[in-house]
Amino acid sequence: MSTTTIDTLRFATAGSVDDGKSTLVGRLLHDSKSVLTDQLEAVQRVSADRGQDAPDLALLTDGLRAEREQGITIDVAYRYFATPRRRFILADTPGHVQYTRNMVTGASTAELAIVLIDARNGVVEQTLRHAAVAALLRVPHVVLAVNKMDLVGYEQAVFERIVEEFAGHAAESGLPSFTPIPVSALVGDNVVDRSAHMDWYEGPALLEFLENVPVGADPSDAPARFPVQYVIRDGEVRWYAGQLVSGSLRVGDRVIVHPSGETSEIAGISALGTEAGAAYAPQSVSLRLADQRDVSRGDMITAGVDAPVLTQDVRAAVCHLADRPLRVGDRVLLRHTTRTVKAVVRDLGGAAELTANDLGRITLRTAEPLALDDYAVSRRTGAFLVIDPADGATLTAGMADLA
């Protein structure tokens, strides 16, 4: 990656109710000077009306009226800010157990998750659920932010006890590693600037860590995956349009069309109406093949090496998103990239049903083969949605496990 390029980090926040997540996000925005003057003035006015001496930074993030009235976060809110070192897209997710599915939505594209803990309460049930979701979604980096250290006298022993307890549960959840940081969002300790109150802590402040954590691997280095979104007919010539979600393709490359298994060669690549010699993920392009092949929306074009697994038996870890339960025997639709096929639920990991916010395992049998990758290898081509065929509502988010 060029040293002159300012990259982007997508990260998500999660924490139990009243752990101070909204205040932490507000502090990040305020102390990194990412808050507009009129926004800050509005927060100061509301805080003064409430008799507060200092601005309530949580008001910068709890923007929905329902959230303000209930005093909780109920939906995923995306915040955008930048420092001279990096741009950030922050998914602020809810803390209540009934909104676990919202965290799945926010963390599904994140490269880092901040799991917040109240130092007074330590590890609670929601902490474990958030760790499990981060592990389930294979979030590459996890920060354990132990908040409200000012309310426990900045005691090192308290911090270390929480980190030790979380480490045991993280290992059980399949979370390979995490970075613990003691903070006080209300005061600003170790959020943007390092704290003078915790000289025993030698690690980075939170923003410093966010600015320097490695951003994920270049998607163009992965095996080529091109789900066909649209077929464009230009006289006798057919172009196949879509997004190259991983890898790279060049004119002259031998390719395979899935699920038919037919092979051909790339004869042309068009990017924004201009002929190109190559395409790199995540570009949206159109491909022309050297041979007439029966290719339609939902097919996947891949390079001749490192082909995906073609299967009708799909095993996966899942988070159930809908209020309607999912049961063994249910007939559903499975949507994978641009392909949607009929499927039946064969097994739910021994459970009788999955209800909203449940984490579990699933086995489905599809009516047609799917070109799947293991989610641990590719978060784009290893993920899928289970859809209600009656109304098109999303039921379940799945992460394929082909091991």
Counting only heavy atoms from other residues, nucleotides and ligands, does the tally under 6.0 Å from [atom1] of [X] exceed 12?
X	atom1	value
Arg331	CZ	no
Glu164	CD	no
Glu275	CD	yes
Arg335	CZ	no

Taking [X] for its side chain and [Y] for its backbone only, find out whether a donor-acceptor pair lies under 3.5 Å.
X	Y	answer
Asp373	Pro308	no
Arg129	Asn357	yes
Arg379	Leu137	yes
Asp401	Arg315	no
Arg297	Gln229	yes
Ser195	Asn190	no
Gln243	Pro282	yes
Arg361	Gly349	no
Arg327	Ala352	no
Thr366	Gln312	yes

Could you check whether any side-chain heavy atom of [X] comes within less than 4.5 Å of a side-chain heavy atom of [Y], counting everything from C-beta outward?
X	Y	value
Glu353	His320	no
Ile114	Leu206	yes
Cys319	Val133	no
Asp313	Thr363	no
Thr179	Leu144	no
Leu249	Leu287	yes
Val345	Ile362	yes
Val332	Leu364	yes

If the test is salt bridge (charged side-chain N to carboxylate O under 4.0 Å, His left out), which one of Arg87, Arg85, Arg86 qualifies with Asp7?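 Only match with Asp7 under salt bridge (charged side-chain N to carboxylate O under 4.0 Å, His left out): Arg86.
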Restricting to non-hydrogen atoms, name the atom on [X] and the atom on [Y] that form the minimum distance, rounded to 0.1 Å.
X	Y	result
Val146	Ala119	CG1-CB, 3.8 Å
Ala271	Gln283	CB-NE2, 4.3 Å
Phe81	Leu90	CE2-CD1, 4.1 Å
Leu186	Arg27	O-NH2, 2.6 Å

Could you state the interatomic distance from [atom1] ([X]) to [atom2] ([Y]), rounded to the nearest 0.5 Å?
X	Y	atom1	atom2	answer
Ser264	Ile256	OG	CD1	11.5 Å
Glu125	His130	CD	NE2	10.5 Å
Asn147	Asn121	CG	CG	11.0 Å
Phe88	Leu207	CZ	CG	5.5 Å

Kindly indicate, with the supporting measurements, whether the criterion side chain to side chain contact (heavy atoms under 4.5 Å, CB included) is fulfilled by Glu165 and Ile117. CA-CA 12 Å; Glu165 183 180 359; Ile117 287 182; over 6 Å; no
Please lay out, stage by stage, how Tyr240 and Val231 fare under the test side chain to side chain contact (heavy atoms under 4.5 Å, CB included). CA-CA 5 Å; Tyr240 306 108; Val231 179; 3.9 Å; yes
Verify the distance criterion only: is there a donor paired with an acceptor across the side chains of [X] and [Y] at less than 3.5 Å?
X	Y	value
Thr355	Asp358	yes
Ser184	Asp150	yes
His258	Thr302	yes

As a quick check of understanding, evaluate side chain to side chain contact (heavy atoms under 4.5 Å, CB included) for Arg238 and Val295, giving each step before the final call. CA-CA 9 Å; Arg238 291 186 179 184; Val295 182; over 6 Å; no
Step by step, work out the side chain to side chain contact (heavy atoms under 4.5 Å, CB included) result for Ile232 and Ser286. CA-CA 9 Å; Ile232 303 170; Ser286 297; 4.1 Å; yes
Closer than 4.0 angstrom, basic N to acidic O: yes or no for Asp330 and Arg324?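 Salt bridge flag = yes for Arg324 with Asp330.
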If the threshold is 4.0 Å, N to carboxylate O, is there a salt bridge linking Asp19 and Lys21?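 No, this pair does not count.
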Please, which pairs that meet ring-ring contact (aromatic ring centres under 6.0 Å, His included) have at least one residue in residues 145-171, sequence neighbours excluded?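 Listed by first then second residue: Tyr154-His197, Phe159-Trp200, Phe166-Phe178.
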